[in-house]
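None of these values were measured; they are calculated from a predicted model.
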Amino acid sequence: MNFAGPAVVVVLGVIAALHFYWGCGGTWPARSGAHLERLAVGTRKGRMPGFLPSVAVALLLGIAGYVVAAASQLAHRLGVPDVLWLLANIGVAGVFLLRGAATYAPGVFDYARGTPFHSLNRRYYGPLCLLLAAGVAVVLL
């Protein structure tokens with residue numbers, strides 16, 4: 001087993017926990033909900049998405065983490081055929097690859113220009129998504 005699987009699982013777990021925390025009204029690392037929205041979403045409405053959207057993202061990230069953990073033999077495969085785990089991991093890698101690539105595609109995140117999210121996305125969020133996609137690819141190799 002290589003380090004890529006556990007690393008991806010831990011990162012996805014932390015990001016899932018953070019989204020759940022935000023869904024419950026937490027604002028870290030920002031000073032307020034309005035500031036967090038400018039950091040994490042890139043809009044200027046002053047409100048973060050509510051509980052259900054945030055928890056849905058947290059749940060999807062948790063599922064993605066489990067899929068990678070199962071492929072890394074860190075979690076039980078629940079009797080699911082190997083081909084389905086392979087397809088699920090390809091899906092996880094694909095989602096993160098698309099999200100990471102979208103960071104640099106013209107027009108995709110133009111709505112966020114002038115917000116801290118825009119530069120954070122280009123500097124950290126997008127590259128992290130590309131690294132997660134690469135990490136899943138390493139797990140599959």
Pairing residues for Phe109 by the ring pair (Phe, Tyr, Trp, His ring centres under 6.0 Å) criterion, not counting sequence neighbours: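 In terms of ring pair (Phe, Tyr, Trp, His ring centres under 6.0 Å), with neighbours along the sequence ignored, Phe109 is linked to Phe117.
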
To the closest 0.5 Å, what do you measure between [atom1] ([X]) and [atom2] ([Y])?
X: Trp22; Y: Phe51; atom1: CH2; atom2: CZ; answer: 15.5 Å
X: Leu78; Y: Leu84; atom1: CG; atom2: CG; answer: 11.5 Å
X: Met48; Y: Arg38; atom1: CE; atom2: CZ; answer: 12.0 Å
X: Leu39; Y: Ser119; atom1: CG; atom2: OG; answer: 9.0 Å
X: Ser54; Y: Leu18; atom1: OG; atom2: CG; answer: 9.5 Å
X: Trp85; Y: Leu140; atom1: CH2; atom2: CG; answer: 12.5 Å

Donor-acceptor side-chain pairing of Thr103 and Arg99 below 3.5 angstrom: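 Checked: Thr103/Arg99 side chains pair up, N/O donor to acceptor below 3.5 Å.
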
Heavy-atom donor-acceptor pair, His118 side chain to Gly114 backbone, under 3.5 Å: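 Absent.
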
Under the 4.5 Å side-chain heavy-atom rule for ILVMFWY, direct or indirect, which residues accompany [X]?
X: Leu130; answer: Leu97, Tyr104
X: Leu60; answer: none
X: Leu98; answer: none

Check against side chain to side chain contact (heavy atoms under 4.5 Å, CB included), Val41 and Thr115: CA-CA 9 Å; Val41 181; Thr115 67; over 6 Å; no

Any residue meeting side chain to side chain contact (heavy atoms under 4.5 Å, CB included) with Val95, in chain and number order, not counting sequence neighbours: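 So Val95 forms no side chain to side chain contact (heavy atoms under 4.5 Å, CB included) with any residue.
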
Salt bridge (Lys or Arg N to Asp or Glu O under 4.0 Å) contacts touching residues 72-92 (sequence neighbours left out):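 Residue pairs with at least one partner in residues 72-92: Arg77-Asp82.
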
In terms of hydrophobic clusters joined by side-chain contacts under 4.5 Å, are [X] and [Y] together?
X: Val92; Y: Val80; result: yes
X: Leu59; Y: Val57; result: yes
X: Leu36; Y: Leu52; result: no
X: Leu132; Y: Tyr124; result: no
X: Leu74; Y: Val14; result: no

Heavy-atom pair with the smallest gap, counting every atom of [X] and [Y]:
X: Ala4; Y: Gly135; result: CB-O, 3.8 Å
X: Ala133; Y: Ala93; result: CB-O, 3.5 Å
X: Ala71; Y: Val139; result: CB-CG1, 3.8 Å

Heavy atoms of other groups near Tyr125 OH, more than 12 under 6.0 Å: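 Check passes, neighbour count above 12.
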
The single option from Leu12, Val136, Leu131 passing side-chain contact (heavy atoms from CB on, under 4.5 Å) against Phe96: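 For Phe96, the side-chain contact (heavy atoms from CB on, under 4.5 Å) check succeeds only for Leu12.
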
Leu61 vs His19, side chain to side chain contact (heavy atoms under 4.5 Å, CB included): CA-CA, chis, key distance, verdict: CA-CA 9 Å; Leu61 288 164; His19 280 79; 3.8 Å; yes

